[in-house]
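Working notes for the structure below.
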Amino acid sequence: SNGAGASNLIAAFLNDSKLEESIIEYDFLNALNSIMRPEAEFESIRVQQVIYNNQRVWEVFLQEKGFQRVPLSKSGSGLKTIVLVLLNLLVIPHIDEYRDKQLVYGFEELENNLHPALQRRLFEYLYNYAINKDVVLFLTTHSHIAINTYFEKENTALYHVQKNNGDSSIIPMKD
């Protein structure tokens, strides 16, 4: 939930000969660009050691076309959210303990710190991913963009959760 281990996961796929680096260099970057374009387009991703608070730590660097590479830690939280979502969807299923398992994903308020255009592209990506990979996604949101995105889509259900006097109720908006 806080991104701990993301750098190690990316580094493992880029550097461990038993893992397929194309999952990061091709699948992950293509997915990231499909969501980020036209605002940004990334050419490469690397994980390198840097000194932070007198300690050597791993840092993810993204190389954007026409710009110098930027550490992910210096990027906006919206980009970090998208990176973590894509790692969960595209990379985690290739780890031995998750391989060949039916996965169910839960994401909470992905819209935070995302421009409305990025929200639309992220929610469309998630819908297409779920349909193409036959996975279940649970999303919580306050975003009308997410609700509008999924309202007319097949194979989706929308529920409104209300809390009154300490009791919660779930009201179907669309089954």
Side-chain angles (χ1 to χ4, degrees), residues 1-10 13 23-24 27-42 45 47 58-62 64 70-95 97-98 101-175:
S1 64
N2 66 1
S7 298
N8 291 337
L9 182 62
I10 296 168
F13 274 80
I23 292 168
I24 297 294
D27 299 343
F28 175 86
L29 273 181
N30 282 340
L32 180 61
N33 285 329
S34 75
I35 296 167
M36 296 299 297
R37 230 182 265 123
E39 286 82 16
E41 186 170 354
F42 299 101
I45 183 170
V47 180
W58 291 99
E59 174 71 68
V60 175
F61 288 89
L62 288 166
E64 188 176 351
V70 175
L72 187 58
S73 65
K74 303 292 185 204
S75 298
S77 56
L79 176 59
K80 293 173 190 172
T81 295
I82 293 168
V83 165
L84 292 176
V85 166
L86 293 176
L87 287 175
N88 275 282
L89 297 176
L90 302 174
V91 181
I92 295 290
H94 294 280
I95 296 173
E97 66 185 276
Y98 297 104
K101 290 188 178 178
Q102 181 69 32
L103 299 176
V104 175
Y105 295 94
F107 296 113
E108 183 177 13
E109 297 185 16
L110 294 176
E111 70 271 9
N112 290 343
N113 304 307
L114 285 179
H115 184 278
L118 279 175
Q119 287 183 48
R120 284 182 195 92
R121 291 192 300 266
L122 176 60
F123 292 132
E124 282 293 331
Y125 180 88
L126 290 172
Y127 175 78
N128 290 325
Y129 180 88
I131 295 299
N132 293 330
K133 299 290 185 177
D134 192 30
V135 299
V136 175
L137 294 174
F138 289 96
L139 303 174
T140 64
T141 187
H142 292 100
S143 170
H144 70 281
I145 293 169
I147 294 166
N148 291 342
T149 297
Y150 294 112
F151 197 80
E152 296 295 323
K153 303 258 190 228
E154 292 183 25
N155 301 311
T156 63
L158 298 174
Y159 299 93
H160 182 212
V161 179
Q162 290 182 315
K163 188 171 183 180
N164 293 316
N165 299 323
D167 293 327
S168 295
S169 61
I170 299 174
I171 301 163
M173 295 174 56
K174 174 195 171 222
D175 279 326

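The analysis underlying the following values was restricted to heavy atoms, covering all of them including side chains, and did not include hydrogens, waters or symmetry mates.
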* Asked: So H142 and E111, side-chain hydrogen bond (donor to acceptor under 3.5 Å, both in side chains) or not? Walk me through it.
  -> CA-CA 8 Å; H142 292 100; E111 70 271 9; 4.5 Å; no
* From CG (L110) to CD (Q119), nearest 0.5 Å -> 9.0 Å
* In terms of ring plane angle, is the pair F13 and H94 parallel, tilted or perpendicular, where the classes change at 30° and 60°? ->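 Perpendicular: the ring planes of F13 and H94 meet at over 60°.
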Under 4.5 Å between any side-chain heavy atoms of [X] and [Y], yes or no?
{"X": "S7", "Y": "I10", "answer": "no"}
{"X": "L139", "Y": "Y150", "answer": "yes"}
{"X": "T141", "Y": "F107", "answer": "no"}
{"X": "L122", "Y": "L114", "answer": "yes"}
{"X": "I147", "Y": "L158", "answer": "yes"}
{"X": "Y125", "Y": "L86", "answer": "yes"}

Are more than 12 heavy atoms, taken from residues, nucleotides or ligands other than [X], located less than 6.0 Å from that residue's [atom1] atom?
{"X": "E152", "atom1": "CD", "answer": "no"}
{"X": "Y98", "atom1": "OH", "answer": "no"}
{"X": "I171", "atom1": "CD1", "answer": "yes"}
{"X": "H144", "atom1": "NE2", "answer": "no"}

* Scan V70, V47, L9, V83 and name whichever one has a side chain to side chain contact (heavy atoms under 4.5 Å, CB included) with V60. => V47
* To do: Determine, step by step, whether I45 and L32 satisfy the side chain to side chain contact (heavy atoms under 4.5 Å, CB included) criterion, reporting the C-alpha distance in whole Å, the side-chain angles of both residues, the deciding distance to 0.1 Å, and the verdict.
  => CA-CA 11 Å; I45 183 170; L32 180 61; over 6 Å; no
* Working for side chain to side chain contact (heavy atoms under 4.5 Å, CB included), residues L126 and L89 -> CA-CA 9 Å; L126 290 172; L89 297 176; 3.5 Å; yes
